[in-house]
Q: 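Pasting a structure below so you can have a look.
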Amino acid sequence: MPHASGPTPPGPHDFDAVVVGAGFAGMAMLHRLRGLGLSVRVLEAAEDVGGAWFWNRYPGARCDVESIQYSFRFSDELQQDWTWSERYASQPELLRYAQHVADRFDMRKDISFGRRVTSATYDERALLWSVTTDDDAMLTARYCIMAAGCLSCPSRPEIEGLQSFAGDIYQTSAWPRDGVDLAGKRIGLIGTGSSGVQATPQLAAQGGRLTVFQRSAAYAVPDHNRGFNAGELDEVKRNYKTLRAHWWNTPRGMDLHPSGISALEVDAAERERMYEEYWARGGVAFQGVFNDVAVNPEANDTINAFFRKKIREVVKDPATAEKLTPKHRFSTKRLCVGSGYYEAFNKPNVDLVDLRENPIARIMPDGVETAKSFIPLDVLVFATGFDAMTGTLLRIDVRGRGGCRLSETWAEGPATYLGIGMAGFPNLFVVAGPGSPSVLANVITAIEQHALWIGDLVAHMEKNRIVAAEPTEAAQAEWRRQCDKSAAHLLLVKGNSWYMGSNIPGKPRVFMPFYGFSDYTAICENVQAAGYEGFVFREAGAKAGHAAAGVRPRRVDA
Ligand code: NA7
């Protein structure tokens with residue numbers, strides 16, 4: 001770990017740290033940094049905490065990780081007091097949980113709501129970050145922590161005539177706070193990823209007509225959601241410490257009940273029995289069924305065939321069943337979880353448009369014209385996903401040393417070290433972003449690991465009078481190779497998904513996360529044990545600090 005001395009201590013500043021985003025990542029960072037005795041200001045675009053669970057209020061929105069696992073572990077009192085009502089928590093319950101955490105730890109006093117960060121600029125002389133928001137306010141801080149989420153920059157395709165649509169347009173990821181009255185409406189739903197799959201049965205139940213526009217068919221497993229049996233939660237709470245330690249040491253930071261066996265080492269009857277067993281278990285744990293379905297094309301063929309069979313069993317019309325059968329390999333996109341998806345297409349008021357054979361030609365004021373027909377609509381719902389992992393950070397004008405722009409250094413894809421730091425951007429740290437397990441793990445667990453690690457790094461800097469830390473270019477380049485290597489065996493990297501940037505036209509095709517939570521935590525621990533190998537530290541010089549150039553910025557108050 002090279003040390004360079006020389007810079008003076010930071011000039012006068014508003015806060016020790018600014019955190020961008022008050023979702024679970026921002027809250028975890030606030031808690032951690034406050035625990036170090038630092039002054040922290042969190043800037044949040046929404047009017048409340050919750051991040052993804054504040055915005056994604058579409059009918060049917062629900063977490064695909066079990067609630068007992070999708071929750072913070074940093075406070076035993078918190079996990080003992082909070083009682084989940086369902087195996088998979090709905091959006092309203094998750095939002096209540098986020099609000100409970102904010103209240104319980106008195107977080108709101110350090111959060112400014114309704115302020116979207118527009119730029120973050122590093123002042124090399126003052127060793128400070130200047131962060132501006134969309135109301136033209138600015139604050140300065142020694143550390144800038146980006147906790148803005150991986151799935152928080154919505155993507156809506158440009159379709160000819162969209163502006164002319166006279167009905168209502170909604171996006172699943174920006175659903176109106178007070179809900180929408182869709183009773184009896186003719187609804188067009190575009191997109192059949194996780195959100196579209198969860199929304200479909202709910203929209204179909206509104207009594208009107210639902211037309212689902214599908215580009216890629218979904219692999220959708222039932223969640224078999226339910227309340228908890230008597231004593232079930234008590235048992236979990238009694239064993240939380242052991243359970244959390246076990247989940248922490250898994251490749252996904254959660255329990256997928258892996259069978260540990262190959263789909264090819266059992267005969268067809270046993271394979272079928274196991275698929276049915278894991279189907280009955282439901283949820284993302286379905287992926288634990290065999291250890292090679294996400295890796296080996298031959299094993300993968302068997303799971304594709306199982307889905308084909310399942311869809312045919314459920315969907316009565318064979319032509320619709322065929323359209324609903326995915327043509328891409330299982331695991332090359334994120335597995336969708338939700339109940340009643342395939343069943344919805346048996347309802348007389350639900351239609352499916354396969355956009356591969358019948359693309360949208362244009363949107364008209366009163367509906368959608370496809371290559372083959374016209375579909376009259378009152379409402380259009382976009383469930384078309386996000387500019388994932390990089391979109392949120394890149395819409396902030398981030399400038400580091402020498403004025404270098406993040407948008408330029410990431411032009412070929414995200415470049416980070418451990419997914420946490422970036423060369424050229426001292427003291428800017430990212431929580432659960434690109435280059436880390438984040439979206440390929442239980443994201444709350446991934447967030448907590450980052451909050452701990454970044455907190456330790458900051459504590460080390462404070463203790464040793466280190467005023468600036470950033471990774472070397474070499475460490476960053478090597479990390480790119482490590483990220484690619486982590487996933488090289490997965491079929492995921494051969495497919496088209498938002499993990500690869502494929503859903504956004506013109507986005508570089510790069511595997512953006514790191515695969516393997518437990519491998520990742522081990523690497524982070526080694527880096528830390530080696531004195532933060534890969535980072536360059538700058539220690540405070542002897543001279544007194546000097547003020548930031550220019551006018552002193554207006555302070556951002558709560
Ligand atoms: P996803 O999973 O990215 O799904 C988006 C869906 O929208 C997917 O079916 C896309 O088809 C479809 N899409 C995207 N662009 C178009 C256009 N131009 N025309 C038609 N269809 C389109 O986003 P979600 O919100 O469902 O889920 C995101 C994550 O949030 C999810 O993984 C959970 O973690 C929560 P495609 O597959 O690209 O052919």
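One-based numbering, in listed order, for ligands and for the atoms of each. Below, all heavy atoms of this structure are taken into account, side chains as well, without hydrogens, waters or symmetry copies.
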Q: Regarding Arg115 and Asp134, does a basic nitrogen lie under 4.0 Å from an acidic carboxylate oxygen?
A: no
Q: Taking the six-membered ring for Trp and the full ring for Phe, Tyr or His, determine whether the centres of Phe511 and Tyr515 are under 6.0 Å apart.
A: no
Q: Taking the basic N atoms (NZ, or NE/NH1/NH2) and the acidic carboxylate oxygens, is any pair closer than 4.0 Å for Glu276 and Lys310?
A: yes
Q: Answer yes if the ring centres of Tyr97 and Trp53 are under 6.0 angstrom apart, and no otherwise.
A: no
Q: Quick check against the 3.5 Å criterion: does Asn300 have a side-chain atom that pairs as donor or acceptor with the backbone of Val293?
A: yes
Q: Applying ring-ring contact (aromatic ring centres under 6.0 Å, His included) as the test, list every pair that has at least one member in residues 302-322; sequence neighbours left out.
A: Tyr219-Phe307, Tyr275-Phe306, Trp279-Phe306, Trp279-Phe307, Phe286-Phe307, Phe307-Phe330
Q: I'd like the contact residues of ligand 1, where contact means a heavy atom below 4.0 Å.
A: Leu151, Pro157, Ile190, Gly191, Thr192, Gly193, Ser194, Ser195, Arg215, Ser216, Lys333, Arg334, Leu355, Arg356, Ala383, Thr384, Gly385, Phe386, Trp498
